[in-house]
Peer 1: 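The structure is given below, and queries will be raised subsequently.
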Amino acid sequence: MSEKLKVGILGGTGMVGQRFISLLENHPWFEVTTIAASPRSAGKTYEEAVGGRWKMDTPMPEAVKGLVVMNVNEVEAVASQVDFVFSAVDMTKDEIKKIEEAYARTETPVVSNNSAHRWTPDVPMVIPEINPQHMKVIEYQKKRLGTKRGFVAVKPNCSIQSYAPVLTAWKEFEPYEVVATTYQAISGAGKTFQDWPEMVGNIIPYIGGEEEKSEKEPLRIWGSIQDGVIVPAQFPVITCQCIRVPVLNGHTAAVFVKFKKKPSKEQLIEKLVSFSGEPQRLGLPSAPKQFIQYLEEENRPQVALDVDYEKGMGISVGRLREDTVYDYKFVGLSHNTVRGAAGGAILCAELLKAQGYITKR
């Protein structure tokens, strides 16, 4: 056990914090040794602090029940216990930026699920299969922070996971215009149906800030490092609508694409099923063996049948067909709290360890 890296979870009592804890149970490289949360939870055991608010469908891991929750604001004290931290704190954007950088300055790598640092120019925002090379910007960030091993890295918004990998697989055909509508699960808001009964049988056609993230974040992922910062790509242009639907887990996207070099349907499917990246090459513990599956049935992908594909770390695509206005349209599905949140961040941490950025203290 002592060979494993010691991990702290910042914001460990919330839904994403709980997902981190459940996914890290029996992880071959990482061990949760420290949980930090708000001052009101500090001093209680994890089991007491969460109380009846455990939202996962698997039981709370025995190994964390007795851990005494620390105060997330006591940065030095928490950092001294761990090799690196995952951040899922629930604060304002400015507070999150400040606290994540404070942890980084204690020489503690921070892998964040939050959006606060996604547009900090020298912070990598990574889907490991797509832009692992962006981690190189960390060297510039360390110079700014004055650190030797401390830094912040982030994963992108959960809603883009169901279509950004697909468009990446099709890059050689030069997609240049994309319309996407995402149908997003309530767990994306940290809720269950118990917490949010008004979502039963309901749709809300607005999710604050989500459309801008869904349009802009893929361009940063497809961007390049120039002069120590990440410069977003210019294309494809994406326009998006984001709708909250009565589903617990799983974000679905209906997407229309125009290509400069129009491919055949067979070419597009072949690119999807053969698409893989650095996590697959390195055999990272959380990496799906096949990142994207294509489903031939007309009524797939479905949340009920496909959301847990590759333990929630894979993307499911179906209904690819020619369109009368755009070239092609398709439906994509991803698990928003696994691939889209905690699982995606864990895969980023595995990549960072493999690249030598996260080490034992």
Side-chain angles (χ1 to χ4, degrees), residues 126-134 156-183 211 214-224 231-242 250-281 287-302 305-307 309-310 313-335 339-340 344:
V126 171
I127 295 176
E129 285 87 352
I130 297 177
N131 60 329
Q133 71 282 5
H134 281 193
N157 196 39
C158 51
S159 66
I160 73 170
Q161 313 280 337
S162 50
Y163 59 90
V166 176
L167 297 171
T168 307
W170 293 342
K171 197 174 169 188
E172 71 185 74
F173 306 119
E174 298 180 32
Y176 69 93
E177 193 175 297
V178 176
V179 176
T181 301
T182 58
Y183 302 88
E211 286 163 2
S214 301
E215 291 168 356
K216 303 289 185 211
E217 287 187 17
L219 296 169
R220 189 169 195 256
I221 288 165
W222 295 320
S224 57
V231 177
Q234 297 297 305
F235 290 97
V237 174
I238 302 172
T239 182
C240 207
Q241 292 204 92
C242 298
H251 287 356
T252 300
V255 186
F256 299 77
V257 191
K258 281 184 181 173
F259 295 98
K260 284 189 179 166
K261 301 173 182 171
K262 189 178 174 183
S264 69
K265 179 178 173 178
E266 292 68 31
Q267 284 177 301
L268 291 174
I269 292 171
E270 193 279 322
K271 291 294 176 193
L272 292 180
V273 298
S274 64
F275 183 66
S276 70
E278 201 69 350
Q280 288 72 31
R281 190 183 71 77
K289 288 207 167 31
Q290 185 175 343
F291 184 28
I292 304 173
Q293 70 167 343
Y294 185 77
L295 299 159
E296 296 285 353
E297 298 92 329
E298 286 186 340
N299 62 351
R300 304 277 288 277
Q302 289 180 30
L305 300 175
D306 303 309
V307 76
Y309 168 62
E310 289 278 16
M313 289 297 285
I315 313 296
S316 298
V317 177
R319 300 213 67 215
L320 176 66
R321 61 230 191 267
E322 288 197 60
D323 184 57
T324 52
V325 178
Y326 280 66
D327 290 327
Y328 284 94
K329 52 193 169 189
F330 69 91
V331 175
L333 170 68
S334 61
H335 196 306
R339 169 56 79 160

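The chain is numbered in sequence order, starting from 1. Only heavy atoms go into these numbers, but all of them, side chains included; no hydrogens, no water, no symmetry mates.
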Peer 1: Keeping Glu215 on the side-chain end and Cys240 on the backbone end, is there a donor-acceptor pair under 3.5 Å?
Peer 2: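 Present.
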Peer 1: Could you tell me if the side chain of Ile238 sits less than 4.5 Å from the side chain of Ile160, heavy atoms only?
Peer 2: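 Ile160 does not reach Ile238 side chain to side chain.
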Peer 1: Using only atom types and a distance under 3.5 Å, with no angle test, would you say the side chain of Gln241 pairs donor to acceptor with the backbone of Thr181?
Peer 2: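 No; judged by distance alone, with no hydrogens or angles, the pair does not exist.
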Peer 1: Within 45° of the ring axis of Tyr326 and under 6.0 Å from its six-membered ring centre, is that where the NZ or CZ of Lys258 lies?
Peer 2: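 Relative to the ring axis of Tyr326, which defines the angle, Lys258 lies inside both limits.
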Peer 1: Has Gln280 got a side-chain atom pairing as donor or acceptor with Gly277's backbone, closer than 3.5 angstrom?
Peer 2: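 Confirmed, Gln280 side chain pairs with Gly277 backbone.
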Peer 1: Keeping the roles fixed (side chain from Trp170, backbone from Leu268), state whether a donor-acceptor pair exists under 3.5 Å.
Peer 2: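 Side chain of Trp170 to backbone of Leu268: a pair is present.
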Peer 1: Within the distance-only criterion (no hydrogens, no angle test), does the side chain of Lys265 pair as donor or acceptor with the backbone N or O of Leu320 below 3.5 angstrom?
Peer 2: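 Yes, the answer is positive, given that a donor and an acceptor are paired below the 3.5 Å cut-off.
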Peer 1: Taking the six-membered ring of Tyr328, is NZ or CZ of Lys262 closer than 6.0 Å to its centre and within 45° of its axis?
Peer 2: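 Satisfied, under 6.0 Å and within 45°.
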Peer 1: Per the side chain to side chain contact (heavy atoms under 4.5 Å, CB included) rule, which among Pro232, Ser159, Pro156 passes with Glu217?
Peer 2: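 Testing Glu217 for a side chain to side chain contact (heavy atoms under 4.5 Å, CB included) against Pro232, Ser159, Pro156 leaves exactly one candidate, Pro156.
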Peer 1: Taking all non-hydrogen atoms of both residues into account, name the closest pair between His251 and Cys158 and its distance.
Peer 2: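 Closest heavy-atom pair between His251 and Cys158: NE2-SG, 3.3 Å.
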Peer 1: Between Pro301 and Thr252, is any pair of side-chain heavy atoms under 4.5 Å apart?
Peer 2: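 Pro301 does not reach Thr252 side chain to side chain.
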Peer 1: Can Arg339 and Glu129 be counted as an ion pair, charged N to O under 4.0 angstrom?
Peer 2: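 Looking at Arg339 and Glu129, the cut-off is met.
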Peer 1: I need the minimum non-hydrogen distance between Lys329 and Phe256, along with the two atoms involved.
Peer 2: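 So the two residues come closest at CD-CE2, 3.5 Å.
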Peer 1: Just verifying a value: how many Å separate Thr182 OG1 and Asn157 CG, rounded to the nearest 0.5 Å?
Peer 2: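 So the gap between those two atoms works out to 8.5 Å.
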Peer 1: Can you tell me how far CZ of Phe291 sits from OG1 of Thr168, rounded to the nearest 0.5 angstrom?
Peer 2: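 Those atoms lie 8.0 Å apart.
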Peer 1: Would you say Trp222 and Asn131 make side-chain contact, with heavy atoms under 4.5 Å?
Peer 2: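 A side-chain contact is absent here, since even the closest heavy-atom pair is not under 4.5 Å.
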Peer 1: If you round to the nearest 0.5 Å, how far is CZ of Phe259 from CD of Gln267?
Peer 2: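 Rounded to the nearest 0.5 Å, the CD-CZ separation comes out at 10.0 Å.
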Peer 1: Which atom names give the shortest non-hydrogen contact between Ser162 and Ala253, and what distance separates them?
Peer 2: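 Here Ser162 and Ala253 meet closest at OG-CB, 3.4 Å.
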Peer 1: Strictly distance-based, threshold 3.5 Å: is any side-chain N or O of Glu310 a donor or acceptor partner for the main-chain N or O of Gln290?
Peer 2: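 Yes, because the side chain of Glu310 sits within donor-acceptor range (under 3.5 Å) of the backbone of Gln290.
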Peer 1: Over all heavy atoms of both residues, which pair between Ile292 and Tyr309 is shortest? Give the atoms and the distance, please.
Peer 2: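 Heavy atoms only, the tightest pair is C-OH, 4.1 Å.
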